[in-house]
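Worksheet for the structure shown next.
Below, chains carry the letters A, B, ... as their sequence lines are ordered, and counting in each starts from 1.
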Protein chains: 2
Amino acid sequence: MEKIRIGIAGYGNLGRGVQYAASQNKDMEVVAVFTRREPSSVQTVLPVRVERMEEMEKYAGRIDVMILCGGSATDLPKQSAQIASLFNIVDSFDTHAKVPEHFAALDAAAKKAGTLGAMSVGWDPGLFSLARAYFGAALPEGKTYTFWGKGVSQGHSDAIRRIAGVKDARQYTVPVEDALRRVRSGEEPELSVREKHTRECFVVAEEGADKARIEHEIKTMPDYFADYDTTVHFISEEELLGEHAGIPHGGFVFRSGRSASGNRFLMEFSLKLDSNPEFTSSVLVAYARAVHRLSKEGKTGAVTVFDIAPKYLLPEDAAAQRKELL
Amino acid sequence: MEKIRIGIAGYGNLGRGVQYAASQNKDMEVVAVFTRREPSSVQTVLPVRVERMEEMEKYAGRIDVMILCGGSATDLPKQSAQIASLFNIVDSFDTHAKVPEHFAALDAAAKKAGTLGAMSVGWDPGLFSLARAYFGAALPEGKTYTFWGKGVSQGHSDAIRRIAGVKDARQYTVPVEDALRRVRSGEEPELSVREKHTRECFVVAEEGADKARIEHEIKTMPDYFADYDTTVHFISEEELLGEHAGIPHGGFVFRSGRSASGNRFLMEFSLKLDSNPEFTSSVLVAYARAVHRLSKEGKTGAVTVFDIAPKYLLPEDAAAQRKELL
């Protein structure tokens, strides 16, 4: 079998996850990892060639799909379009407000280069987006709800770390059980931000720091915490590293709706993930397969999960899919 | 807005459901219902023209998609290919063992006529098939489970009705709570048929009938009941009509899997449906939209849910989908 040749651009949690995920797919091989660090300093989880980002161009024609493993804040807005001028790409761009401009830039670059780029792939955006789309199509009259957690929010953890006197922190987003129960009951409640999620913070304070002030600064932080019921626990560094080292996440998408005759329906999709980046990586790899195949069919430009038929994601051919999965 | 012109072939529970569902989609109109009965005898749930099946041909060019609402046992094996020679179609063919031959016949007829036919649309096969496909793609190493219920199985209810001395019956398929719990725990159990579902039967016996014999005949019926823990309740006709008149259903698709580094993941999709046929109908209608659009793009032949990108299912254009759902 001719393997799909994968490149990994960026080698943090996501890049390592992509390498692991590709190893579970027999029709793929990872050709190289590209990094901004000194290649010899990078320890990979499985053996692979490590190159400088600037060497990427030399791999044109030797990599079928480049999986972009940088962040949405500063990396992807530059990299996605740029790398799409050389390779088919998949990225996990998740800055929702900037989706239209990211799409436009990627679409233009990819069309010009004759490549294909799938953006905003992962679980949210990604599989959760798919649930919202399929659920909405199946039940045009109804209400869609998305809940996240219980899981670690990197952005909120970072926000706490920026407070003076904080040495380290981990923030969990937790869906409110009563809100889940009300949605499942079919009552279609209107839920405020506060009613949907709580925020639980585990904070390591620097020696002698004013804990009351830190707690107050967290709880009143606009956008991040002020609109939520927030709990702050001060713990030791050992406890943080011991009990809160993982990056679990998950969540729920619901659609509660009804037929024209008044019958009620509830659709629910949920994820429980030991590792947020490793699951995201696994989805990125499945979409890399789809991008490779669609590109071979002549498709170019930018696409999202909405544009890709499920058949492209699986290694089995269509007849086998109908036999085993339909 | 130019509306998608829908025809309904067959007017039982599913046909009525399609009429209701189409009324919830502003971009659709139902042009006519086609029936094998005397048209004047058919009471429709909303006003619509009712025609004899044989009149269908006269509607060529006036209906964009015909939604087939017959049964998989005898209707669809004949109708799907036949009607696809005149119209684009959607059907809910669910005889799993005969999927390959149904696909081949529909594909040949539709390609010859230049039409498009989507087969096996609904929730299982249909949305549950999609869950199995997406879940399997996201987690190549893991185990997929499908559970059905709690809900009424028409086939099992009919099987009980064929027993001598039975006046009427309703059979519920019930997933075993402990099996659901074990799957959710991530242990990836091997589950026998008996461990996954129980069968609960509500039976109205004819006067003077031997209830012990009826119960024995139910519980030992091969394929239908012998492999399950089955409970039989004898009730009055009033109770059956009063408490068991609905056709609820639902179920669960799980995938439990792990990354190459050993992190564990659980994916779960579930449905809770007051009315099985009305939900199936609602999915059929969404796929009719997709069939209409793909047909306009020039696509012909047979397709399943695996072949259709989600964007085709929704009335909103791609930019609106990215903005609102991604």
Side-chain angles (χ1 to χ4, degrees), chain A residues 16-17 20-21 23-25 45-46 96 99-100 103 120 125 127 129-134 136-141 184 259-261 263-275 278-279 281-283 286 289 304-311 313-315 318-319 321-323 325-326, chain B residues 16-17 20-21 23-25 45-46 96 99-100 103 120 125 127 129-134 136-141 184 259-261 263-275 278-279 281-283 286 289 304-311 313-315 318-319 321-323 325-326:
Chain A
R16 285 190 286 273
Y20 275 133
S23 78
Q24 293 182 306
N25 288 278
V45 293
L46 298 168
H96 201 272
V99 160
F103 185 89
S120 301
L127 300 184
S129 319
L130 286 170
R132 289 186 286 264
Y134 280 113
L139 292 181
E141 292 183 20
R184 286 199 183 102
S259 71
S261 80
N263 278 306
R264 305 199 60 88
F265 308 111
L266 183 73
M267 312 180 72
E268 175 173 349
F269 171 46
S270 69
L271 292 173
K272 232 175 87 183
L273 313 171
D274 273 1
S275 165
E278 286 190 0
F279 186 75
S281 302
S282 204
V283 179
R289 176 182 293 118
T304 72
V305 292
F306 299 145
D307 302 302
I308 294 173
K311 69 171 173 181
L313 300 171
L314 289 155
Q321 289 177 21
R322 286 193 295 272
K323 190 169 150 52
L325 299 167
L326 195 64
Chain B
R16 286 190 286 274
Y20 274 135
S23 77
Q24 294 182 307
N25 289 278
V45 293
L46 297 167
H96 201 273
V99 160
F103 185 91
S120 301
L127 300 184
S129 319
L130 286 169
R132 289 185 286 261
Y134 280 114
L139 292 181
E141 292 183 20
R184 286 199 184 101
S259 70
S261 80
N263 278 305
R264 304 199 60 90
F265 309 110
L266 183 73
M267 312 180 72
E268 175 172 349
F269 171 46
S270 69
L271 292 173
K272 233 175 87 182
L273 313 171
D274 274 2
S275 165
E278 286 190 0
F279 186 76
S281 302
S282 204
V283 179
R289 178 182 292 118
T304 72
V305 294
F306 299 144
D307 302 302
I308 295 174
K311 68 171 175 182
L313 299 171
L314 289 155
Q321 289 177 19
R322 286 193 294 271
K323 191 170 150 48
L325 300 168
L326 194 66

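Per-residue heavy-atom pair counts under 4.5 Å with chain A were compared for B:S129, B:P310, B:A319, and the maximum is reached by B:P310. Among the candidates B:H96, B:E141, B:R322, the residue making the largest number of heavy-atom pairs closer than 4.5 Å to chain A is B:R322. Ranked by heavy-atom pairs under 4.5 Å with chain A, the first of B:A131, B:G17, B:S261, B:G136 is B:S261. Among the candidates B:P125, B:A286, B:P140, B:P315, the residue making the largest number of heavy-atom pairs closer than 4.5 Å to chain A is B:P140. Contacts with chain B were tallied for A:E278, A:K323, A:Q321, A:Q24; A:Q24 has the most, counting heavy-atom pairs under 4.5 Å. Comparing A:L313, A:N25, A:L273, A:V283 by heavy-atom pairs within less than 4.5 Å of chain B, the highest count is held by A:L273. The most heavy-atom pairs under 4.5 Å with chain A, out of B:S270, B:A137, B:A138, B:S282, come from B:S270.
Of the atoms belonging to B:R184, it is backbone heavy atoms, and not side-chain ones, that fall under 4.5 Å from chain A. With a 4.5 Å cut-off on non-hydrogen atoms, B:L325 touches chain A through its backbone and its side chain both. Contact of B:T304 with chain A is made through the side chain alone, with heavy-atom distances under 4.5 Å. Heavy atoms of A:P100 lying under 4.5 Å from chain B are absent altogether. Neither the backbone nor the side chain of A:V45 comes within contact range of chain B, judged by heavy atoms closer than 4.5 Å. With a 4.5 angstrom heavy-atom cutoff, B:L46 does not touch chain A via any of its atoms. Neither the backbone nor the side chain of A:A21 comes within contact range of chain B; no heavy atom of the residue lies under 4.5 Å from a heavy atom of that chain. For A:S23, the part lying under 4.5 angstrom from a heavy atom of chain B is the side chain only.
Between A:D307 and B:K311 there is a salt bridge, with a side-chain nitrogen of the basic residue lying less than 4.0 Å from a carboxylate oxygen of the acidic one.
Ring geometry, A:Y134 versus B:Y134: the interplanar angle exceeds 60°, so the pair is classed perpendicular (tilted spans 30 to 60°).
What you find for B:D274 and A:F265 is that their closest heavy atoms are N-CD2, 4.0 Å.
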Run the numbers on A:M267 and B:F279 for side-chain contact (heavy atoms from CB on, under 4.5 Å), then give the verdict. CA-CA 11 Å; A:M267 312 180 72; B:F279 186 76; 3.7 Å; yes
Show, in sequence, the C-alpha distance, side-chain angles and deciding distance for A:L326 and B:V305, and conclude whether the side-chain contact (heavy atoms from CB on, under 4.5 Å) test is met. CA-CA 8 Å; A:L326 195 64; B:V305 294; 4.2 Å; yes
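One distance of note links CZ of A:F269 with CD of B:E268; it measures 10.0 Å at 0.5 Å rounding. Here the OG-OH distance, from A:S259 to B:Y20, works out to 7.5 Å after rounding to the nearest 0.5 Å.
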